[in-house]
Asks: 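Dropping the structure in here first, questions after.
Residue numbers start from 1 in every chain, and the chains themselves are labelled A, B, ... in the order their sequence lines are given, proteins ahead of strands.
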Amino acid sequence: MIEKIREIAKNWLAEGKVDVVIGFGEGTTPFSAKPIFITKPDDVEKLIWNPLCRLNLAGYVRREILAGRKVGVVAKGCDSRSIGILLAEKQFDRKDVSIIGVPCQGMVDRKTLMKKFGNVDGEKVSADWNSISVGDKSISTEEVLSNACRICRYPTPVHYDELVGEKIEGVSIEEHDKPAVEMLEKNREDRWKFYTEHFGRCIRCYACRQACPTCYCDECFVDSNDPKWLEKGQHPTDLMLWNLGRIYHQVGRCVECGSCESVCPMDIPFTEILAGMSKRVRELYDYESGIAVDEPPPLQTFKTDDPQEFIM
Amino acid sequence: MKVATKKELFDCLSGMKVFAPVGKNLRFAEVSSADEIASPESIPLSPKEAFVPQDETLFFYDNPEDPTSIVEPEIDEKPFVVWGMHPCDAKAMELIGKVYTEGSYTDGYFVRRYNASVKVVIGCPVPHPGCFCGSFEGMGPFSKSGSDIFLIPLDDERFLVEGTTEKGENLIASLPDATDEDIAKGEAQKKKGEDAIDRSVPTENIENSMQALFDSEEFWEDIYHRCMGCGMCTYVCPSCYCFDIQDERIGNKYRRYRVWDSCQFGLFTLEASGHNPRPTQKERIRQRMMHKLSFFKLRYGDEHLCVGCGRCVAICPVGIDIRDVAKRAEALAK
Ligand code: SF4
Ligand code: SF4
Ligand code: SF4
Ligand code: SF4
Ligand code: SF4
């Protein structure tokens with residue numbers, strides 16, 4: 001699979017179809033893969049493809065296109081959907097990006113992995129689609145899959161120029177909705193407890209925002225100081241407002257890639273909440289983010305014949 | 001040299017507030033018993049919040065027009081304990097101390113806390129992936145600098161305990177003396193850590209090598225494209241000390257407070273005119289690397305601001321590795 005990815009990337013760079021290919025390369029710490037930007041055809045050997053290629057690369061795609069480059073990207077299902085949303089939001093044109101789509105078997109959660117194995121300095125580690133091992137200890141990759149990947153509806157890229165590998169079926173709607181239903185079945189108090197407990201740990205590093213391809217406002221509501229929508233400190237109210245605000249701005253836009261959850265240093269679980277949000281959006285508006293590139297997200301449009309019964 | 005279990009040592013410190021790594025994310029918070037304290041191994045967040053809280057009230061005031069309405073917050077000046085710092089952290093607090101005390105202004109908030117603290121530092125027989133404190137002159141996984149009480153883990157239960165300042169010595173005076181066997185075991189633990197620590201990161205002349213590369217696109221391009229511009233590396237860093245000052249209205253009173261800030265945020269250098277001297281992640285991540293490995297040493301003399309704790313290396317989701325930056329800089333400078 002990786003050979004094919006490299007070959008396409010090499011050709012595109014050599015032909016001048018793209019200036020840069022964004023993909024993943026080997027990181028410098030155990031169990032890490034890092035986003036890399038390949039500009040020379042001979043460097044495509046640095047590209048890797050394994051269950052550590054966790055982050056969503058669509059944010060980089062936008063950034064590089066706006067910087068004036070012709071971009072190629074190695075995209076999983078979620079990356080492709082985020083590109084779809086960015087297209088629907090007219091951030092760039094489809095012709096600006098060339099996509100090497102790779103059906104994804106699910107990415108692992110590195111933090112869970114590190115907790116499982118503890119200190120792995122100096123030992124030989126390996127990670128493939130079947131197993132993850134450190135020295136002679138080994139666990140199945142399935143065991144440490146990210147929460148988001150467990151309920152992924154579209155592991156096969158939705159938008160691509162070339163597809164590498166066999167298509168993979170996503171989970172059913174029922175399966176996807178399970179964590180959301182569990183969350184929504186909690187009574188108000190328990191849900192509030194969930195929110196206060198988890199958001200109360202937030203250190204406001206904004207990694208969740210920075211990792212999210214659809215958080216791209218020039219000025220985030222949390223940074224604005226005129227008007228100042230919320231305080232910058234550690235009061236629980238502000239932590240709640242920040243987190244709910246960020247999530248609310250993702251309604252109909254979030255593709256549930258799990259990047260925000262995976263980068264959060266405080267292990268704040270977003271999957272249940274975001275899955276519930278996408279369930280609502282699907283049920284109310286018959287819309288799944290990032291699939292149709294010519295349909296704006298539901299909260300960014302209006303219909304003149306909308307009865308708006310909830311207002312009356 | 002003394003010996004104690006966690007509980008015995010905790011009892012020596014009774015009567016003082018103890019801050020130690022606790023909870024799901026091992027943040028430094030007040031604990032009421034030894035059982036709550038997490039194992040000293042991995043501390044993703046640094047203990048700096050015990051000295052420089054993320055959110056700290058500077059003063060209250062009733063009337064924005066009237067400076068005489070200012071009321072200082074009550075600051076607890078009673079001694080308190082910070083338990084489970086690593087040698088790198090103790091060093092980092094000394095470095096923050098330099099910034100907050102040298103020159104014309106002394107930061108009373110930090111100084112009062114620092115002076116009131118009893119720093120219980122634990123040596124590291126098993127350094128973490130990413131740690132490289134031993135690459136800095138005079139530092140290492142058993143460096144005692146900046147500690148009051150120094151611990152060497154002997155096994156799952158017991159520590160070798162040494163008072164490294166008078167304050168520390170007095171507190172542990174009642175503990176039993178260590179046997180020769182314990183001391184030998186401690187030496188072995190120390191050797192284990194000293195042998196394992198990464199000393200390969202070039203730091204001696206790195207301030208000049210980095211200076212020479214300040215304008216090099218080739219050098220910085222390897223990292224800045226992928227840097228997301230989050231605040232994690234600076235928030236987990238024990239020696240990052242930057243803050244932002246804000247005013248908040250609470251009822252009909254006001255509070256002026258400071259919060260951690262990060263040079264990785266676009267807002268950090270945004271000027272009122274709208275001009276931003278560090279407009280992209282290129283200038284921002286360069287600032288961080290330069291501050292850690294060059295500017296600080298050039299400004300304050302003999303030490304780097306990075307203490308090699310490895311936290312930013314471990315936490316950066318896009319694999320930006322300060323060790324690698326130093327190695328590349330040194331290689332290019334040759
Ligand atoms: S909110 Fe989180 S899960 Fe949704 S698109 Fe953004 S990073 Fe991905
Ligand atoms: S990544 Fe986590 S800790 Fe950081 S701002 Fe987001 S929710 Fe808060
Ligand atoms: S270096 Fe890593 S942790 Fe720091 S701002 Fe960049 S992406 Fe975030
Ligand atoms: S820069 Fe990184 S390695 Fe250096 S002290 Fe800060 S967190 Fe630790
Ligand atoms: S690295 Fe950045 S946040 Fe840290 S002390 Fe330096 S300027 Fe401040």
Asks: Do other residues, nucleotides or ligands put more than 12 heavy atoms under 6.0 Å from the NZ atom of K115(A)?
Replies: yes
Asks: Non-hydrogen contacts under 4.5 angstrom with chain B: give the residues of residues 215-231 of chain A involved, or none if there are none.
Replies: D223(A), K228(A), E231(A)
Asks: Among G27(A), S32(A), P35(A), which has the most heavy-atom pairs under 4.5 Å with chain B?
Replies: P35(A)
Asks: Crowded around K282(B) NZ? As in, over 12 foreign heavy atoms under 6.0 Å?
Replies: yes
Asks: With rounding to the nearest 0.5 Å, note down the distance linking CD in Q210(A) to CZ in F265(B).
Replies: 7.5 Å
Asks: Quick check against the 3.5 Å criterion: does Y257(B) have a side-chain atom that pairs as donor or acceptor with the backbone of K232(A)?
Replies: yes
Asks: Please look at R258(B) and chain A and tell me whether the side chain, the backbone, both or neither of the residue comes under 4.5 angstrom of a heavy atom of that chain.
Replies: neither
Asks: Any chance CG of D136(A) has more than 12 other-residue heavy atoms, nucleotides or ligands included, within less than 6.0 Å?
Replies: no
Asks: Among V259(B), D324(B), V318(B), which residue has the highest count of heavy-atom pairs closer than 4.5 Å to chain A?
Replies: V318(B)
Asks: If contact means a heavy atom pair closer than 4.5 Å, which residues of residues 230-240 of chain B contact chain A?
Replies: C230(B), G231(B), M232(B), Y235(B)
Asks: Roughly how far apart are R201(A) CZ and L45(B) CG, rounded to 0.5 Å?
Replies: 11.0 Å
Asks: Test: salt bridge (Lys or Arg N to Asp or Glu O under 4.0 Å). Region: residues 233-250 of chain B. Which pairs qualify, not counting sequence neighbours?
Replies: D247(B)-R256(B), E248(B)-R255(B)
Asks: Could you tell me whether E74(B) atom CD has more than 12 heavy atoms of other residues or ligands within 6.0 Å of it?
Replies: no
Asks: Hey, could you give me the CD1/OG1 distance between I322(B) and T28(A), rounded to the nearest 0.5 Å?
Replies: 12.0 Å
Asks: Only pairs of heavy atoms separated by less than 4.5 Å count here; which of C131(B), P317(B), G319(B) has the most with chain A?
Replies: P317(B)
Asks: Taking only distance into account, with no hydrogens and no angle test, what donor-acceptor pairs under 3.5 Å do side-chain atoms of residues 53-67 of chain A form with protein atoms, sequence neighbours excluded?
Replies:
from, atom 1, to, atom 2, distance (Å)
R54(A), NH1, S146(A), OG, 2.7
R54(A), NH2, C257(A), O, 2.3
N56(A), OD1, A58(A), N, 2.9
N56(A), ND2, S82(A), OG, 2.9
Y60(A), OH, R226(B), O, 2.5
R62(A), NE, Q91(A), OE1, 2.8
R62(A), NH2, Q91(A), OE1, 3.1
R63(A), NH1, C227(B), O, 3.4
R63(A), NH2, Y224(B), O, 3.4
R63(A), NH2, H225(B), O, 2.9
R63(A), NH2, C227(B), O, 3.1
E64(A), OE1, R69(A), NE, 2.7
E64(A), OE1, R69(A), NH2, 2.8
E64(A), OE2, H225(B), ND1, 3.1

Asks: Between G229(B), G266(B), C316(B), P53(B), which residue shows the highest count of heavy-atom pairs closer than 4.5 Å to chain A?
Replies: G229(B)
Asks: To the nearest 0.5 angstrom, please state how far the CZ atom of F37(A) sits from the CD1 atom of I223(B).
Replies: 12.0 Å
Asks: Between Q234(A) and D55(B) (side chain of the first, backbone of the second, donor and acceptor by atom type, cut-off under 3.5 Å), is there such a pair?
Replies: no
Asks: Flag yes if more than 12 heavy atoms outside E271(B) fall under 6.0 Å of its CD atom; otherwise flag no.
Replies: yes
Asks: Quick one: of E49(B), E221(B), M228(B), who has the most non-hydrogen atom pairs under 4.5 Å with chain A?
Replies: M228(B)
